[in-house]
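See below for the structure under consideration.
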Amino acid sequence: MSTSGQPGTVSATQRSWRSRRLDRDHSLGLRLTVASVAAFLVLVPFALLALLVLGAWPPLFRLDAAVTDALHGYALDHPAWVRLMSGWTDMFGPGPMRTVVGVVVAWLLFRRAWRLALWAVTTMVVGGLLGALLKLLVGRHRPDLLDPVARAAGFSFPSGHALNATLAAGVLLLVLLPYARNRRPLRWLLWAGALMIAVVTGLSRIALGVHWTSDVLGGWVLGVAVVAATSAAFATWRTRTGRRPTRPVREGVEPELAEPGPDEARPGHA
């Protein structure tokens with residue numbers, strides 16, 4: 001493209017917002033726009049679900065009740081299933097998942113990936129605080145079963161287990177993906193592991209009768225929205241420091257993490 005000042009040229013400031021966003025040679029703006037819009041769109045179904053829960057929408061209530069009754073009946077007849085779900089929900093609960101992320105953060109600090117460590121902590125803290133605040137604002141009660149197989153305290157929507165499992169799985173996935181950038185089987189394994197942690201942890205809460213189905217859906221959606229939003233913010237920092245745009249679903253949020261080099265070239269080194 002010719003420089004401004006020559007006949008028939010158009011300067012960068014004169015180009016439309018749309019043309020600059022769709023410029024393949026400068027695609028960061030497009031990537032950030034898509035990431036921001038994606039985070040917003042993920043929040044839309046969460047907001048709708050929260051409104052339906054607040055309004056006690058009858059079809060949603062009937063669906064929640066039907067799923068809870070069916071799974072509770074199965075749990076009463078299968079004690080081994082209850083033990084399995086209880087073990088899983090304890091192993092991948094908020095406390096253990098935060099501990100795992102804390103270990104990864106310590107490793108990132110050792111690697112001097114300061115900003116990546118800050119991103120991981122911010123994602124977990126922001127998501128956790130949002131979940132706790134929304135529980136108080138919505139104030140939904142947990143299922144009240146005659147013969148419960150498990151108990152939990154506090155309000156119900158969104159599920160804290162589903163939310164924190166999604167947050168932690170997302171953080172771990174996006175931190176570790178750089179090591180699988182050129183290894184498709186390993187990349188698929190990381191994705192499968194992250195999905196299994198988030199999905200089965202949420203399902204375990206329904207199976208044990210301590211959450212409604214919509215609680216778990218809310219936790220999943222909110223977790224995805226928070227990870228998407230903080231990842232978009234991290235991408236903004238990358239461009240301000242002159243780093244190349246990334247494809248987070250394939251190479252994580254900081255591909256340079258897997259590249260050995262001197263201290264001054266390490267990711268996040270100030």
Any side-chain to backbone donor/acceptor pair from W212 onto H141? Under 3.5 Å, distance only.
yes
Please report the closest heavy-atom contact between A75 and V82, naming both atoms and the distance.
O-CG2, 3.4 Å
Can you sort out the partners of R187 under salt bridge (charged side-chain N to carboxylate O under 4.0 Å, His left out), two or more places apart, ordered by chain and number?
none
If you define the side chain from C-beta out and look only at heavy atoms, does anything of M97 sit under 4.5 Å from I197?
yes
Rounded at 0.5 Å granularity, tell me how far CZ in R183 sits from CG in L189.
12.5 Å
Is it true that L109 and V125 fall in one hydrophobic cluster, defined by side-chain heavy atoms closer than 4.5 Å?
yes
Is there a path of hydrophobic side-chain contacts, each under 4.5 Å between heavy atoms of I, L, V, M, F, W or Y residues, that connects V67 with V221?
yes
Here the pair of heavy atoms bringing A169 nearest to A194 is CB-O, 3.5 Å
Which ILVMFWY residues can you reach from L136 by hopping between side chains whose heavy atoms are under 4.5 Å apart?
F155
If a pair satisfies salt bridge (Lys or Arg N to Asp or Glu O under 4.0 Å) and one of its residues is in residues 158-172, list it, with sequence neighbours excluded.
none
Could you give me the CA-CA distance, side-chain angles and deciding distance for L222 and L134, then say whether side-chain contact (heavy atoms from CB on, under 4.5 Å) is met?
CA-CA 10 Å; L222 182 60; L134 286 166; 3.7 Å; yes
What residues form a side chain to side chain contact (heavy atoms under 4.5 Å, CB included) with A152, not counting sequence neighbours?
R142, R205, V210
Can you tell me how far CG of L163 sits from CG of D215, rounded to the nearest 0.5 angstrom?
12.0 Å
Show the atom names and distances, to 0.1 Å, of all donor-acceptor pairs under 3.5 Å that link a side chain in residues 59-66 to residues at least two apart or in another chain.
unit_1	atom_1	unit_2	atom_2	d
D64	OD1	T213	N	3.3
D64	OD1	S214	N	3.1
D64	OD1	S214	OG	3.4
D64	OD2	R140	NH2	2.8
D64	OD2	S214	OG	2.6

Beyond-backbone contact of L48 with V44, side-chain heavy atoms, under 4.5 angstrom:
no
Any non-hydrogen side-chain atom of L190 less than 4.5 Å from a side-chain atom of L177?
yes
Just verifying a value: how many Å separate L118 CG and T123 OG1, rounded to the nearest 0.5 Å?
9.0 Å
Would you say S231's side chain and V227's backbone share a donor-acceptor pair under 3.5 angstrom?
yes
Could you pull out all residues at least two apart from W188 that satisfy side chain to side chain contact (heavy atoms under 4.5 Å, CB included)?
R184
Applying ring pair (Phe, Tyr, Trp, His ring centres under 6.0 Å), can you list everything that pairs with W191, at least two apart in sequence or on another chain?
none
Kindly indicate whether the side chain of V175, heavy atoms from C-beta on, has any atom under 4.5 Å from the side chain of W107.
yes
What are the two closest non-hydrogen atoms of A165 and A198, and how far apart are they?
CB-CA, 4.1 Å
Close side-chain approach of P94 and H161, heavy atoms under 4.5 Å:
yes
Side-chain heavy atoms nearer than 4.5 Å, only ILVMFWY residues, links allowed to pass through others: does that put W57 and F157 together?
yes
List in chain and number order the residues that pass side chain to side chain donor-acceptor pair (under 3.5 Å) with T166, two or more places apart in sequence or in another chain; answer none if no residue qualifies.
none
Are L172 and V104 close enough, and set up right, to give a side-chain contact (heavy atoms from CB on, under 4.5 Å), and what steps lead you there?
CA-CA 8 Å; L172 297 174; V104 172; 3.4 Å; yes
Heavy atoms, side chains only, cut-off 4.5 Å: are F46 and L217 in contact?
no
Could you check W119 against T230 for side-chain contact (heavy atoms from CB on, under 4.5 Å), going step by step and ending with a plain yes or no?
CA-CA 7 Å; W119 167 79; T230 59; 3.1 Å; yes
W88: what forms a ring pair (Phe, Tyr, Trp, His ring centres under 6.0 Å) with it, not counting sequence neighbours?
F92
Nearest-0.5 Å distance that lies between atom CG in L54 and atom CG in L137:
8.5 Å
Check whether any side-chain heavy atom of H72 sits under 4.5 Å from a side-chain heavy atom of Y74, and report yes or no.
no
How close do T68 and P143 get, heavy atom to heavy atom, and via which atoms?
CG2-CB, 4.3 Å
So does P158 get a backbone contact from the side chain of K135, meaning a donor-acceptor N/O pair under 3.5 Å?
yes
Taking salt bridge (Lys or Arg N to Asp or Glu O under 4.0 Å) as the cut-off, I'd like each qualifying pair that reaches into residues 151-161, sequence neighbours left out, listed once.
none
Heavy atoms of M124 and V171 approach each other most closely as SD-CG2, 4.4 Å
Kindly compute the distance separating CG (L174) from CG (L116), expressed to the nearest 0.5 Å.
9.5 Å
Residue pairs passing the salt bridge (Lys or Arg N to Asp or Glu O under 4.0 Å) test where at least one lies in residues 74-98, sequence neighbours excluded
none
Is L145 reachable from L208 through a run of hydrophobic residues whose side-chain heavy atoms are each under 4.5 Å from the next?
no
On a heavy-atom basis, which atom in S204 and which in T201 lie closest, and how many Å separate them?
OG-O, 2.6 Å
When you compare the side chain of L257 with that of L108, does any pair of heavy atoms fall below 4.5 Å?
yes
Using 0.5 Å steps for rounding, measure from the CH2 atom of W220 to the CG atom of L167.
14.0 Å
Would a hydrophobic clustering, with Ile, Leu, Val, Met, Phe, Trp and Tyr connected at side-chain separations under 4.5 Å, put V216 with L195?
no
Where at least one partner belongs to residues 167-179, residue pairs that pass side-chain hydrogen bond (donor to acceptor under 3.5 Å, both in side chains), sequence neighbours excluded
R111-Y179
